[in-house]
Amino acid sequence: MFEKNLSELDVVRKFMALSKESFGLDNGLYPLGSCTMKANPKLNDHLANLDGFKYVHPHQPQDSMQGLLELLYDLQNCLAEITGMDAISLQGAAGAQGELAGVLIIKKYFLQKDENRSKILVADSAHGTNLASAAMASFYCDIVRTKENGELDVDDLIKKVDKNTAGLMLTNPSTLGIFETNISHISKILHNNGSLLYYDGANMNALMGIVRPGDMGFDIVHMNVHKTLSTPHGGGGPGAGPLGVKSFLSSFLPVPIIAKIGDKYILNYNIDNSIGKIKSFFGHVGVLIRAYCYMISQGHAGLKKSSQIAVKNANYIRDALKEYFPSVYDAPCMHECLLSLEKLDFPAESFAKRMLDYGIHPPTLVGGGCVYYPDRLKNAFLIEPTESESQENLDKFIDIMKKIRLEVLQDPEKVKSSPYSMGIKKIKK
Amino acid sequence: MQEGHDDYQRFFKQIPEQLRYKEDLKIPFFSSELEVEKYIRKLADKNSNILQYKSFLGGGFYEHYIHPAIDALSNRGEFLTAYTPYQPEISQGILKIIYEYQNLMCTLTGMPASNASSYDGATALCDAIFMGLRYKNSQKPIYYSDSIWSDYEKVIKTHAFGKNIFCHKISFLNQNGQLDLAKLEDFFNKERPGIFVFQSPNRFGVIEPVEEIARLCQKYHVFSVLSYNLFLSGLFKPPGEAGIDVVSAEGQVFGLPLWAGGPGLGVLTCQKYLEPFLTGRIVGQVKTIGDEDAFMFVREEREQHYSRQEATSNICTNQTHCVIRVCIYLNLLGIDRFKDISLVNNNNAKYFLEKILKIPGVKKSFRGPFFNEFAIDLSFCAQKFLQKLYKQKIFGGIDISDASQSRLLLCVTETKNIKELDEIATIFTSCAKEIYV
């Protein structure tokens, strides 16, 4: 294909056609649990693309990029605020890279204390990246069970915490959409053992301005700006995964950190115990600018309201569908609800394919995509509408779920062979 | 209905009271989109940029012309606001683009296999090294040349710390600024390393003898990892054809804005026998129940959402939007214009170097061949020189001086025409005269 010399018009038509075979949040409903597909404000894209940011070379003298460094410094402060942490590094290229930096900090922390701890605990519902990140830091993982109510089994945690435990990686609310009400107790268990508590920030959209990870006892936090802070997913990145820590860990952060000395902003590479650089240059600047624009457009009230509405919308869907798609857990859900298809006794994957014919993206399939669940949850949807969807759109989604349910009852084989309107049929397994 | 704070309380009642944040987050707030724009524009205007300044900065991120069609097409909502294509039936467009990107990277590096992106050139290089570790599954040491970017060296160290491995540095550059082949062979023969990592062009802009190094690696059963500038394939045989095992590269050169260094795009390609060890997402061709051809992520058993702790890497969100931009860029160029641009880069760099070599006190640092980046030794202070050039609205290069030698690294791309280079050379001359006495 590189051999062809296409005209500009040929290229434009080619990619316009390819865009018609793609589907973004801008096209329709996208209630992907754990992904937080909230609106990507065009203003933020526009501002990130200003010449004064887009055409800055990373090797320019720092004096010649003071406006950019000021923005990134302020972003660090905003992220510290929202997470309740003391120090922030913006270096993570994605949530998983933030996680990697976090586990490397845990590793170096214990090395410096001359403590040999090789185990990281994770919940059985943990995102796959948690375990993979721990492995990249040469930890092995022990799994902590989830109870019937959807919360972490604290008794199981107590059994598994020992002198070899470096830390626990947790998200709250969990990947099941449930708030860990025992988090203070969990935090005490870990800290009494001299272990650290790591927060996977994937689900922060439920908590902005309501609860801060730092106040829950977490020592290290990463955020996914392409989830909580509205930067576009891009079809699979780029995102960014800034990392926050409590002050006793601030000297371990990946460099550079943006610092302010008098009136000047600098890239500070001289952090005593830093784990070092995790990527080239100083972070996904083009993405981080959008995150900052989002935060200052919302302010404290807007961010809090966003979380409140996100949680309200998930509960609305949960209530509206409870007769046909009961919630897996009795506990109140937060920004996402986990609904079972067991009553319908129909594979979620096939149900999801039929949703494509109705012009919406299906929710997260349990066991599919990025989200992993224990075996008993293999047939469920994790639905996260976000605060961006109107009442009308929520009702539209509910309506589609009910319609497809009726189709399944009338002609399950037809639904199993969907989709029909995508240009291609269902892909063979 | 007016919604007050209490209307939401019932959704958060399970949260213990003592955990709730009672204050207001201290986040700056601008009351309208217009006010946000005014403020952010003020910040943007405080920065100098390479549209205002003539730039000779390279060092891993490069100024190449970005056709407006790239923004227009890649920023379409169907691409920009889509999630990772886990529902392939609704995402064939993005999957086809990723598949084409993989093929383009294979063509440019002379390899049969490519991933769908790593984060950037530095992390792609780490991925490449770890591929070698998994493939060789031996305790033999890993060596890298000290002529890779210093940023890349630091990133390797951080990742190696995670894996409890140590990567050893070697220093074998000859007067050409290239790896000394005789010394390298002697080293391979004595030390029998497991993996050897090098970069071309290296951090002095010098093109390494890739074919010869690949031959030596094969002769001594050393796993070869090359960090590469993809534009070199417009002028030379791609490294895969020369027998290099894995190639990593920074894809920013193909239509990604500078954005002060990120996001970039990590390119990772490899020989056929290394495919099972390839890190990151891969798009492959599959069939539908109607026997149609289609595309989806394949071989996901390598990845974190399947294999969790056993995964080859933890990468999830990668750089798809950048992949789309790169694909559009290469489509706009086509093979002929790609070769042309490579040539223009090289010609412009040679032309400008010749001009500034006429300045007293300026010498070429190394005799070896270069692409679009080269180092010059100065008999005056590099920093003072750069400051003078900066006053003339020129970013004159990167100061790579060491304790014994004042030295600059300059990059010249297709973005400057001959007339501009002549004018700038005159300014270089007058600035140098002010210092060189």
Side-chain angles (χ1 to χ4, degrees), chain A residues 2 5 11 15 18-19 21-26 43 47 50 52 54-59 64-67 71 81 93-94 96 128-129 131-133 135-138 209 232-239 276-277 280-281 284-286 296-297 299-300 308 311 356 369-370 422 424-426 428, chain B residues 8 11 24-25 27-29 33 36 40 43-44 46-51 57 59 73 76-78 80-84 86 89-90 92-94 119 122 151 154-155 158 162 164 257 259-263 288-290 292 294 304-305 308-309 311 314 316-321 331 334-335 398:
Chain A
F2 200 29
N5 291 304
V11 175
F15 284 87
L18 290 166
S19 75
E21 293 179 51
S22 307
F23 187 87
L25 176 68
D26 282 2
L43 172 68
L47 294 174
L50 292 175
K54 202 172 177 179
Y55 291 96
V56 171
H57 194 288
H59 281 296
S64 72
M65 52 167 102
Q66 286 293 296
L71 184 154
E81 240 328 87
T129 53
L131 291 98
S133 302
M136 283 176 77
S138 303
H233 277 81
K277 286 187 70 59
S280 54
F281 304 120
H284 277 181
V285 169
I296 67 173
S297 300
H300 70 85
Q308 289 172 333
V311 171
L356 301 177
C370 270
M422 288 293 110
I424 56 162
K425 290 200 169 323
K426 180 162 139 171
K428 238 191 258 182
Chain B
Y8 296 102
F11 300 120
D24 291 333
L25 294 171
I27 308 279
F29 175 59
E33 282 154 332
V36 170
I40 299 294
L43 292 177
K46 284 188 193 178
N47 307 319
S48 310
N49 66 69
I50 62 156
L51 294 181
L57 298 171
L73 293 166
R76 288 183 63 82
E78 298 93 337
L80 185 63
T81 69
Y83 194 68
T84 307
Y86 289 126
E89 293 86 356
I90 205 171
Q92 286 298 291
I94 290 180
Y119 301 126
D151 249 18
K154 290 176 182 130
V155 173
T158 306
N164 298 332
W259 266 324
T288 69
I289 59 174
E292 302 146 304
Q304 47 81 26
H305 50 292
R308 304 194 357 130
Q309 192 155 17
N314 70 343
C316 181
T317 295
N318 45 101
Q319 310 292 101
T320 304
H321 175 71
N331 268 261
I335 186 75
I398 302 171

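Letters go in sequence order (proteins before strands), and every chain restarts at 1.
Taking a 6.0 Å sphere around NZ of A/K54, one finds it holds more than 12 heavy atoms contributed by other residues, nucleotides or ligands.
Contacts between A/L43 and chain B at a heavy-atom distance below 4.5 Å involve the side chain alone, from C-beta outward. Interface residue A/I424: backbone and side-chain heavy atoms are both found under 4.5 Å from chain B. With a 4.5 Å cut-off on non-hydrogen atoms, B/I398 touches chain A through its side chain but not through its backbone. For chain A, the nearby parts of B/Q92 are the backbone and the side chain; heavy atoms of each come within less than 4.5 Å. With a threshold of 4.5 angstrom between heavy atoms, B/I289 approaches chain A through its backbone and through its side chain.
When each of A/G237, A/A96, A/G209 is checked for heavy-atom pairs under 4.5 Å with chain B, A/G237 comes out on top. Contact tally against chain A (heavy-atom pairs below 4.5 Å) for B/I90, B/D24, B/D151: the top residue is B/I90. Interface check for chain A: of the options B/I335, B/I27, B/V36, B/T84, the most heavy-atom pairs under 4.5 Å are formed by B/I335. In terms of heavy-atom pairs under 4.5 Å with chain A, the best-connected choice from B/K46, B/Q319, B/E33, B/K154 is B/Q319. When each of A/G24, A/G276, A/G235 is checked for heavy-atom pairs under 4.5 Å with chain B, A/G235 comes out on top. The candidate with the highest count of non-hydrogen atom pairs below 4.5 Å against chain B, out of A/G286, A/P232, A/A137, is A/G286. Note on A/A93, A/A94, A/S297: by heavy-atom pairs under 4.5 Å with chain B, the leading option is A/S297. When the candidates B/G93, B/A260, B/P28 are compared by the number of heavy-atom contacts under 4.5 Å with chain A, B/A260 comes out ahead. Heavy-atom pairs under 4.5 Å with chain A peak, among B/P257, B/A122, B/G59, B/P263, at B/P263. Counting heavy-atom pairs closer than 4.5 Å to chain A, the top residue among B/G290, B/A294, B/G262 is B/G262.
The structure places CD of A/E21 at 11.5 Å from CD of B/E78, a figure rounded to the nearest 0.5 Å. Distance NZ/A/K426 to OG1/B/T288: 11.5 Å, rounded to 0.5 Å. The line from CG of B/L80 to CG of B/L73 is 12.5 Å long, rounded to the nearest 0.5 Å. Distance check: A/Q66 CD to A/L71 CG gives 12.5 Å after rounding to the nearest 0.5 Å.
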Q.
Under the criterion side chain to side chain contact (heavy atoms under 4.5 Å, CB included), I'd like the reasoning laid out for B/I40 against A/I296: C-alpha separation, chi angles, the key distance, then a yes or no.
A. CA-CA 10 Å; B/I40 299 294; A/I296 67 173; 3.9 Å; yes
Q.
A/L356 vs A/F23, test: side chain to side chain contact (heavy atoms under 4.5 Å, CB included). Steps then yes/no.
A. CA-CA 10 Å; A/L356 301 177; A/F23 187 87; over 6 Å; no
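A/S64 places no side-chain N or O within donor-acceptor distance of the main-chain N or O of B/S48, the cut-off being under 3.5 Å. Judged purely by atom type and a 3.5 angstrom limit, B/T158 uses its side chain to pair as donor or acceptor with the backbone of A/K277. Between the A/H284 side chain and the A/G239 main chain, a donor and an acceptor come within less than 3.5 Å of each other.
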